[in-house]
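Heads up, the thing below is written out as structure tokens.
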Amino acid sequence: MLHVIEHPLIRHKLTVMRDKNTGTKDFRENLDEIGSLMVYEVTRDLPVDDVEIETPICSYTGKTLESPVVVAPILRAGLGMVTGILSLIPTAKVAHIGLYRDEKTLEPHTYFEKYPSTIPEATVLIVDPMLATGGSANAAIDMVKRQGAKNIKLVCLVGAPEGVKAVERAHPDVDIYLAALDEKLNENGYIVPGLGDAGDRIFGTK
């Protein structure tokens, strides 16, 4: 259920992102690039159909994706992963899941939802750079399941063991993809060593 994608290019780019001296531009660009690199592994098992085409030489039976893909970023930090994924799957539709975390209770609260009509038959990639407590991820998975989604993958850059366990308990049918499994959560609910506040670093708001 848990897949940690340990590719040298991902490790290199993630190290750049972890560095507190990395600015908004480089943080955002490396996030795009990691999102693209992760997509290859995340979509490895997408179902395909046969399709008959004519090459310049002859008839040929090729492959085409059997079902649509929906990318569902958890706002706002999840937006930072969308461009990289769409560069590989430009036909994917994009949902939006607005959640914020109460700083005292660490519980997620919903403020916005918008979904394409293809959710029930699609492979849904819920994306968020951080999997910390698992509260936001579980809430987002609950939300897309209520829309009829049956094939769901959770795609994050870094995760804490606590968050992974929380998602595994609540949604054992959802595969989790990480670029790195980090050490733990600190007393404030931040991942150690982590990236800091990914949303602030993506959008330059702190």
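On a predicted model such as this, the values are computed, not experimentally measured, just so you know. FYI, side chains are in, hydrogens and waters are out, and symmetry mates aren't considered; it's all heavy atoms of this structure.
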Does a side chain donor of either T22 or R28 reach within less than 3.5 Å of an acceptor in the other side chain? no
Side-chain contact test, heavy atoms from C-beta onward, threshold under 4.5 Å: evaluate it for I85 versus V127 and give yes or no. yes
Check for me, please, whether L31 and V4 land in the same ILVMFWY cluster - side-chain distances under 4.5 Å, paths through other members count. no
Side-chain (N188) to main-chain (Y190) donor-acceptor, under 3.5 angstrom: no
Measure the NE2-NZ distance between H3 and K153 for me, rounded to the nearest 0.5 Å. 6.5 Å
When you look at D142 and H171, which way does the side chain to side chain contact (heavy atoms under 4.5 Å, CB included) test go after all the steps? CA-CA 9 Å; D142 286 335; H171 299 285; 2.9 Å; yes
Between V39 and S36, is the side chain to side chain contact (heavy atoms under 4.5 Å, CB included) condition met? List the steps. CA-CA 5 Å; V39 157; S36 294; 5.8 Å; no
Would you kindly confirm whether V42 and I89 end up in one hydrophobic cluster when ILVMFWY residues are joined by side chain heavy atoms under 4.5 Å apart? yes
For a 4.5 angstrom cut-off between non-hydrogen side-chain atoms, does V16 reach L14? no
I'd like to know if the side chain of T43 reaches the main chain of L46, judged simply by a donor and an acceptor atom lying under 3.5 Å from each other, with no hydrogens or angles considered. no
Hey, what do you get for NZ (K165) to OG1 (T133), rounding to the nearest 0.5 Å? 14.0 Å
Which atom names give the shortest non-hydrogen contact between I202 and A77, and what distance separates them? CD1-O, 3.4 Å
Under the 3.5 angstrom rule, does the side chain of R18 hit a backbone N or O of L195 as a donor-acceptor pair? no
Just so I know, are the side chains of I97 and E113 near enough to count as touching, which here means a heavy-atom distance under 4.5 Å? no
More than 12 heavy atoms of other residues, nucleotides or ligands under 6.0 Å from OH of Y60: is that the case? no
Do P129 and M81 come within less than 4.5 Å of each other through their side chains, counting heavy atoms only? yes
Inter-residue atom distance D49.CG - K63.NZ, 0.5 Å rounding: 8.5 Å
Run the salt-bridge test on E41 and R44 with the 4.0 Å N-O cut-off and return the result as yes or no. yes
Minimum-distance pair of heavy atoms, taken over all atoms of A179 and I34: CB-CG2, 4.5 Å
If we ignore angles and hydrogens, is there a donor and acceptor under 3.5 Å between the side chains of T123 and N151? yes
Measure from the side-chain N and O atoms of H7 to the backbone N and O of L9, and report whether any donor-acceptor pair falls under 3.5 Å. yes
Do D26 and R201 meet the salt-bridge criterion of a basic N to acidic O distance under 4.0 Å? no
To the nearest 0.5 angstrom, please state how far the CD1 atom of I176 sits from the CD1 atom of I152. 12.0 Å
Do P73 and D128 come close enough that some side-chain heavy atom pair is under 4.5 Å? no
Does L2 share a hydrophobic cluster with M38, counting links as ILVMFWY side-chain heavy atoms below 4.5 Å and allowing steps through other members? no
Correct closest heavy-atom pair for V70 and A122 would be CG2-CB, 3.7 Å
E6/R11 salt bridge by N-O under 4.0 Å criterion: yes
Can you find a pair of side-chain heavy atoms, one from P68 and one from E121, that are under 4.5 Å apart? yes
Kindly give the heavy-atom pair with the smallest separation between I74 and S136, and that separation in Å. CD1-O, 4.0 Å
Using a cut-off of 6.0 Å, state whether more than 12 heavy atoms not belonging to K145 lie near its atom NZ. yes
Examine the side chains of H12 and N30 and answer whether a donor and an acceptor come within less than 3.5 Å of each other. no
Under 3.5 Å: donor-acceptor pair, side chain of K150, backbone of G148: yes
What's the verdict on side chain to side chain contact (heavy atoms under 4.5 Å, CB included) for T24 and F203, showing C-alpha distance, side-chain angles and the deciding distance? CA-CA 7 Å; T24 299; F203 298 108; over 6 Å; no
H96 vs L79 side-chain heavy atoms within contact, under 4.5 Å: yes
To the nearest 0.5 Å, atom CD1 of I5 lies from atom OH of Y40 at 12.5 Å
Might you point out which heavy atoms bring V71 and A92 nearest each other, and give the distance in Å? CG2-CB, 4.0 Å
Taken to the nearest 0.5 Å, the spacing of F112 CZ from L99 CG works out to 12.0 Å
Taking all non-hydrogen atoms of both residues into account, name the closest pair between M1 and V167 and its distance. CE-O, 4.2 Å
Answer yes or no: is there a donor N or O on one side and an acceptor on the other, between the side chain of D197 and the main chain of G199, under 3.5 Å? yes
Verdict with supporting geometry, D50 and T61, side chain to side chain donor-acceptor pair (under 3.5 Å): CA-CA 6 Å; D50 290 340; T61 302; over 6 Å; no
Show your working on side chain to side chain donor-acceptor pair (under 3.5 Å) between T205 and D200 and close with a plain yes or no. CA-CA 5 Å; T205 49; D200 284 335; 2.5 Å; yes
Are V174 and L178 joined in one hydrophobic group, where the rule is that I, L, V, M, F, W and Y side chains link up if heavy atoms are under 4.5 Å apart? yes
Can L86 and V94 be said to form a side chain to side chain contact (heavy atoms under 4.5 Å, CB included), step by step? CA-CA 9 Å; L86 291 182; V94 180; 4.0 Å; yes
Side-chain heavy atoms nearer than 4.5 Å, only ILVMFWY residues, links allowed to pass through others: does that put V144 and Y177 together? no
Any V164 side-chain heavy atom under 4.5 Å of L131 side chain: yes
